[in-house]
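Predicted, not measured: the structure shown is a model, and the values here were computed from it. In what follows, every chain begins at residue 1, and chains take the letters A, B, ... in the order their sequences are listed. Both backbone and side-chain heavy atoms feed into the values below; hydrogens, waters and symmetry mates do not.
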Amino acid sequence: MSINYRNILPSTQWKNELTRHAYGETLVELGSTNERIIVMDADLAESTLTRYFRSAHPDRFIEMGIAEQNMIATAAGLSKTGFIPFLSSYAIFLTGRAWDQCRNTVDYARCNVKIAAAHGGISVGKDGPSHQSMEDLSNMLSLVNMTVVVPADQIETRKVTAWAAEYEGPVYYRLGREKVPTITTDESPFIHGKALEVVDGSDGTIIACGIMLSQAILAAELLAVDGIYPRVLNMATLKPIDVEAIHSAADETGAIVTAEEHSIYGGLGSIVARIVASSHWRVPVIPVSIENRYLTSGPPEDLLEIAGLTYIDIATALLKSLAMARGEFEVGGVRILPEMEKGDIRELKFGG
Amino acid sequence: MADYMTALFFKYLNIKPHKPNWEDRDRFVLSNGHASALQYALMAGRGYFPRAELLTFRATNSRLLGHPSSVMLPGIEISTGSLGQGLSVAQGMAMGCKLAGKNELTVYCSCGDGELQEGSIWEAVMSASHYKLDNLILMVDANNAQIDGYVEDVMRLEPLVDKFKSFGWQTIEADGHHMQSICESFELAQIRTGKPTVLLFKTTMMKGCPTYENIPGWHGRPPTPEECSGMLKELGFDETYEEARKTLAEDC
């Protein structure tokens with residue numbers, strides 16, 4: 001038996017590419033056919049790559065300077081005159097400093113504003129915790145009208161950007177700083193509010209979003225070596241969440257692991273745990289998220305490892321969740337003990 | 001504030017109350033959303049809704065929320081309430097009008113003077129000047145009153161004229177209770193000069209009710225029915241509070 005991929009490429013075929021590059025390019029294309037599209041930035045066009053739009057459509061690019069609060073509320077005003085503003089800065093500044101503008105102006109008044117936040121997550125790397133964002137999703141998920149999306153790669157970023165231009169209402173979505181594996185293909189559907197099954201399986205389910213989708217697939221590939229076949233879902237839309245897909249995962253696979261590049265407070269893990277706890281109380285949910293801590297400067301791969309956001313962490317969590325679901329403490333001859341470190345499991349289970 | 005807002009709503013704001021989303025309307029943003037009662041009264045006066053609805057102000061399920069909601073009430077351009085955001089929204093509308101090739105449309109924004117203590121206001125003051133938004137007019141209710149006391153004691157704003165001028169705004173000071181000065185300033189402000197305009201209206205809170213004038217404590221407290229009747233009398237109305245409510249209720 002081998003792993004059954006759906007809608008995606010296996011890890012051997014992945015290429016690393018920038019989501020923000022895809023964002024910048026897609027804006028240029030959309031701007032050529034839709035004159036209502038405006039792009040705004042807060043002195044980061046060189047980084048968020050909205051500079052492509054600035055070159056292609058200078059009349060509809062608005063530089064707002066280093067003033068995120070003003071940018072968000074100005075975008076709301078532009079939307080009220082019929083334009084579709086896409087605005088960018090770094091995730092932590094847009095959703096932190098300008099949260100009140102997001103809440104009281106954009107969301108409360110249901111403005112047609114698209115917030116595309118660059119440098120989401122901790123994989124920003126060397127800039128350190130001031131520029132890392134592990135709170136942006138929970139900041140935005142608490143807003144009533146806001147749609148919250150975390151694209152997995154550059155292809156999905158293109159689809160989400162094109163979709164956001166058509167959708168009427170406030171949207172928040174997240175872009176990263178680093179190149180990330182391109183997993184999806186032009187044919188992979190992006191359906192607003194729907195999870196996409198990317199690996200077929202029934203030995204538990206890994207529900208992932210953003211860059212953690214690649215780690216989830218690697219975890220599934222690793223587990224397959226030992227004959228364990230979890231389902232993997234790409235949960236790109238966190239709000240509105242695909243409740244049906246979560247219920248099916250609980251019903252059909254009996255154990256759930258979530259994986260996100262976000263604080264353990266308030267992101268994907270919290271949502272899934274809440275839904276499952278209300279309907280399938282016997283199904284364990286183990287979140288792979290960032291514990292309550294600030295990280296440090298460093299290369300993204302180091303930070304992800306320190307934060308416990310690797311495929312090893314996901315595979316370990318999946319084994320634990322399966323053991324819990326069976327009411328056992330052994331999986332494949334390995335005793336899973338609370339004090340056992342992930343390295344021990346890797347050594348025993350996967351031969352390092 | 002009521003005096004110059006009356007001039008705005010009845011003389012200068014180009015709107016069609018029965019067609020609140022008319023594309024070529026002027027825009028008005030009440031950034032100091034706590035003055036919602038005044039905007040509702042003016043809107044009722046212009047015919048957006050019957051005056052009887054004013055009696056539902058702040059009541060459960062009323063469209064006339066404590067702070068204006070654009071989702072609930074047609075004619076409100078944007079929900080406000082959290083201070084310091086409306087000027088940025090108005091700026092976005094002014095940019096939008098220019099981008100759409102409709103520079104003749106004017107965007108008006110009302111702020112309280114205490115509201116100017118919000119830092120984001122000055123972000124908008126900077127950018128409106130940078131983008132030469134001469135279709136944007138900011139009206140400041142300079143009544144020197146805020147919840148904790150006189151503005152000059154709570155957090156000094158002066159010299160306001162110099163501040164706005166140094167940010168590149170056309171700055172006009174006027175007596176906010178003198179109708180001729182009010183009209184002259186609006187007419188001056190509407191001339192497109194390449195600069196946004198601020199109208200600094202010097203006002204006295206509760207003007208016309210000598211017993212209550214210029215007391216910051218009245219900034220956020222509703223009067224009792226008895227106090228209300230007293231105010232009506234000082235303003236020269238014959239009706240008591242209860243009689244005035246009855247008159248309003250009949251206008252439906």
message = Using heavy-atom distances under 4.5 Å, tell me whether A:Phe83 contacts chain B through its side chain, its backbone, both, or neither.
response = side chain

note = Bottom line for A:Glu63: the part with an atom under 4.5 Å from chain B's heavy atoms is both

ask   = Is atom OH of A:Tyr294 surrounded by more than 12 heavy atoms (other residues, nucleotides or ligands) closer than 6.0 Å?
value = no

query = For B:Lys132, does the NZ atom have more than 12 heavy-atom neighbours from other residues, nucleotides or ligands under 6.0 Å away?
reply = no

query = Is it the backbone or the side chain of A:Ala67 that comes under 4.5 Å from a heavy atom of chain B, or both, or neither?
reply = both

query = So what's closer than 4.5 Å to chain A heavy atoms on B:Ser69: side chain, backbone, both or neither?
reply = both

message = Atom CZ of residue position B:Arg46 - does it have more than 12 heavy atoms of other residues, nucleotides or ligands inside 6.0 Å?
response = yes

note = Okay, B:Ala124 and chain A: the region with an atom under 4.5 Å from a heavy atom over there is both

note = Heavy-atom closest pair (B:Val71 atom, A:Tyr108 atom, distance to 0.1 Å) is CG2-O, 3.4 Å

task = Inspect the surroundings of NZ in A:Lys126 and state if more than 12 heavy atoms from other residues, nucleotides or ligands are less than 6.0 Å away.
result = no

query = For chain B, which of A:Ile72, A:Asn104, A:Thr81 has the most heavy-atom pairs under 4.5 Å?
reply = A:Thr81

note = residues 78-89 of chain B vs chain A, non-hydrogen distance cutoff under 4.5 Å, contacting residues -> B:Ile78, B:Ser79, B:Ser82, B:Gln85, B:Ser88, B:Val89

ask   = Taking atom CD of B:Glu158 as the centre, does the number of heavy atoms from other residues, nucleotides or ligands within less than 6.0 Å exceed 12?
value = yes

request  = Give a yes or no answer on whether the side chain of B:Glu123 reaches the backbone of A:Asn70 with a donor-acceptor pair at less than 3.5 Å.
outcome  = yes

A:Tyr265 atom OH, neighbour heavy-atom count above 12 within 6.0 Å = no

query = How many angstroms lie between CE in B:Met95 and CG in A:Leu78, if you round to the nearest 0.5 Å?
reply = 6.5 Å

query = Crowded around B:Leu188 CG? As in, over 12 foreign heavy atoms under 6.0 Å?
reply = yes

request  = With chain A as the partner chain, list the residues of residues 20-42 of chain B whose heavy atoms fall under 4.5 Å from it, by residue number, and write 'none' if nothing qualifies.
outcome  = B:Arg27

inquiry  = So for atom CD, which belongs to B:Glu104, do other residues, nucleotides or ligands contribute more than 12 heavy atoms lying within a distance under 6.0 Å?
reply    = yes

message = Below 4.5 Å, heavy-atom pairs only: which of B:Met93, B:Met126, B:His130, B:Met72 has the largest tally toward chain A?
response = B:Met93

inquiry  = So, taking the atom named CG in B:Leu99 and the one named CZ in A:Arg36, what distance separates them when rounded to the nearest 0.5 Å?
reply    = 13.5 Å

